[in-house]
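The structure presented is a predicted model; accordingly, all values stated were derived computationally and were not measured. When reading the values below, keep in mind they use all heavy atoms of this one structure, side chains included, and skip hydrogens, waters and symmetry mates.
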Amino acid sequence: MRIQAIQSIPDKIDSKLWEKIKDMSQKDKNYLVRGYALGAYSNYVEFSDITSMREFVFDRLDKEKYGFNKIFAYSSLYMLGDERSIYPLIRMFDSKNYRNKCAVLNSLLDILNEKNKDIIKQFVDKKNKNKFPNSIQPLFDELVEELAKL
């Protein structure tokens with residue numbers, strides 16, 4: 001239920017809700033809730049300066065033990081201007097966990113742009129030789145299609 005609430009947060013929020021998202025990304029007992037909250041956190045730069053937000057996400061990255069949440073941290077860092085974060089994000093695709101693979105692909109779809117398309121294309125070309133399970137293949141195909149549009 002908390003995950004659905006995070007996923008349905010509107011584009012415009014107030015600072016009280018932003019603080020709640022930040023708090024959930026640190027303290028929630030459910031690692032999935034922490035991950036989704038961390039992913040949502042970077043969408044609201046109007047409530048803090050980018051440097052402070054990056055420091056917060058780096059701190060969460062250091063403390064978080066779940067790969068799923070690290071994926072959201074790397075994606076958030078990239079959205080907050082840390083372009084180097086795309087490399088560890090891509091490496092997280094090598095996880096054995098299908099949920100992590102899907103999270104990486106979703107994150108790459110979210111951040112895909114002209115500036116990073118060559119990096120993502122290298123990843124796609126390298127992995128395109130593989131046949132993925134039904135839980136992963138549609139997302140991978142979508143990434144290939146979105147790359148082709150750029």
Side-chain angles (χ1 to χ4, degrees), residues 2-28 30-95 97-127 132 135-136 138-150:
R2 292 185 313 274
I3 293 170
Q4 290 171 334
I6 292 167
Q7 290 177 323
S8 64
I9 294 173
D11 291 338
K12 298 286 184 197
I13 64 170
D14 61 20
S15 60
K16 186 176 178 181
L17 182 53
W18 182 76
E19 286 295 335
K20 179 69 174 164
I21 293 168
K22 184 178 178 182
D23 188 56
M24 289 173 80
S25 74
Q26 297 177 84
K27 298 176 183 168
D28 202 279
N30 184 305
Y31 80 96
L32 293 172
V33 172
R34 288 195 314 274
Y36 282 110
L38 190 55
Y41 173 78
S42 64
N43 293 330
Y44 304 102
V45 294
E46 65 268 23
F47 295 112
S48 183
D49 65 280
I50 289 178
T51 302
S52 296
M53 291 178 82
R54 270 194 219 132
E55 288 172 5
F56 174 79
V57 176
F58 272 118
D59 182 62
R60 294 302 319 134
L61 185 59
D62 287 341
K63 293 177 179 165
E64 189 58 61
K65 62 182 178 181
Y66 291 97
F68 185 79
N69 295 354
K70 290 178 183 282
I71 292 164
F72 279 100
Y74 291 129
S75 181
S76 291
L77 287 168
Y78 187 87
M79 289 188 276
L80 292 169
D82 183 10
E83 294 177 7
R84 301 165 302 164
S85 296
I86 195 169
Y87 298 104
L89 172 62
I90 287 171
R91 284 193 299 272
M92 294 297 292
F93 188 79
D94 292 332
S95 166
N97 185 313
Y98 85 93
R99 185 175 288 167
N100 291 357
K101 289 180 184 298
C102 291
V104 169
L105 294 172
N106 278 315
S107 293
L108 292 175
L109 282 162
D110 287 344
I111 66 172
L112 177 63
N113 60 37
E114 282 290 332
K115 198 171 188 179
N116 64 25
K117 71 177 181 182
D118 292 335
I119 296 166
I120 296 175
K121 183 163 179 10
Q122 286 177 340
F123 160 75
V124 164
D125 290 345
K126 182 179 175 185
K127 299 295 182 184
F132 299 109
S135 58
I136 299 165
L139 276 173
F140 189 84
D141 293 343
E142 183 180 351
L143 182 58
V144 170
E145 289 170 17
E146 291 302 316
L147 264 171
K149 293 177 185 177
L150 293 179

Requested in this report: Measure across L61 and K70 and return the closest heavy-atom pair with its distance rounded to 0.1 Å.
Outcome: O-NZ, 3.2 Å
Query raised in the report: Which heavy-atom pair separates M92 from G67 by the least distance, and what is that distance?
Result: CE-O, 3.3 Å
Query raised in the report: With a 4.0 Å cut-off, would you call K16 and E19 a salt bridge?
Result: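 E19 and K16: not salt-bridged.
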Query raised in the report: Could D59 and R54 be called an ion pair, given the rule that one side-chain N must be under 4.0 Å from one carboxylate O?
Result: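 Here D59 does not pair with R54 in a salt bridge, since their nearest N and O are not under 4.0 Å apart.
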Requested in this report: Please indicate whether K20 has more than 12 foreign heavy atoms, meaning atoms of other residues, nucleotides or ligands, lying under 6.0 Å from its NZ.
Outcome: no
Nearest 0.5 Å, what's the [atom1]-[atom2] distance between [X] and [Y]?
X: D28; Y: N69; atom1: CG; atom2: CG; value: 10.0 Å
X: N43; Y: W18; atom1: CG; atom2: CH2; value: 12.0 Å
X: I120; Y: E146; atom1: CD1; atom2: CD; value: 11.0 Å
X: S42; Y: F56; atom1: OG; atom2: CZ; value: 11.0 Å

So do [Y] and [X] actually touch side chain to side chain, heavy atoms under 4.5 Å?
X: M24; Y: R34; answer: no
X: F93; Y: N100; answer: no
X: L80; Y: T51; answer: no

Just by modelled atom types, is the [Y] backbone N or O under 3.5 Å from a matching donor or acceptor in the [X] side chain?
X: R60; Y: S25; answer: yes
X: K101; Y: I136; answer: no
X: S76; Y: F72; answer: yes

Requested in this report: Establish, for the pair K22 and Y41, whether the NZ or CZ atom is under 6.0 angstrom from the six-membered ring centre and no further than 45 degrees off its axis.
Outcome: no
Query raised in the report: Quick one: are the ring centres of Y74 and Y78 less than 6.0 Å apart?
Result: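 No - the distance between ring centres of Y74 and Y78 does not fall below the 6.0 Å cut-off.
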Query raised in the report: Quick one: are the ring centres of F123 and Y87 less than 6.0 Å apart?
Result: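 Centroid separation for F123 and Y87: 6.0 Å or greater.
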Requested in this report: Going by the side-chain hydrogen bond (donor to acceptor under 3.5 Å, both in side chains) test, name the single residue among K127, Q122, K121 that passes it with D125.
Outcome: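 Exactly one pass, corresponding to K121.
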Requested in this report: Taking side-chain hydrogen bond (donor to acceptor under 3.5 Å, both in side chains) as the test, write out the residues that go with D82, two or more places apart.
Outcome: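 Once residues adjacent in sequence are excluded, the partners of D82 under the side-chain hydrogen bond (donor to acceptor under 3.5 Å, both in side chains) criterion are R84, S85.
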Query raised in the report: Going by the angle between their ring planes, with limits at 30° and 60°, are Y66 and Y31 parallel, tilted or perpendicular?
Result: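 Y66 and Y31: parallel rings.
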Listing, residues 102-113 side-chain donor-acceptor contacts under 3.5 Å, not counting sequence neighbours, or none:
residue, atom, partner, partner atom, Å
N106, ND2, C102, O, 3.2
S107, OG, A103, O, 2.9
N113, OD1, K115, N, 2.9
N113, OD1, N116, N, 2.9
N113, ND2, I111, O, 3.4

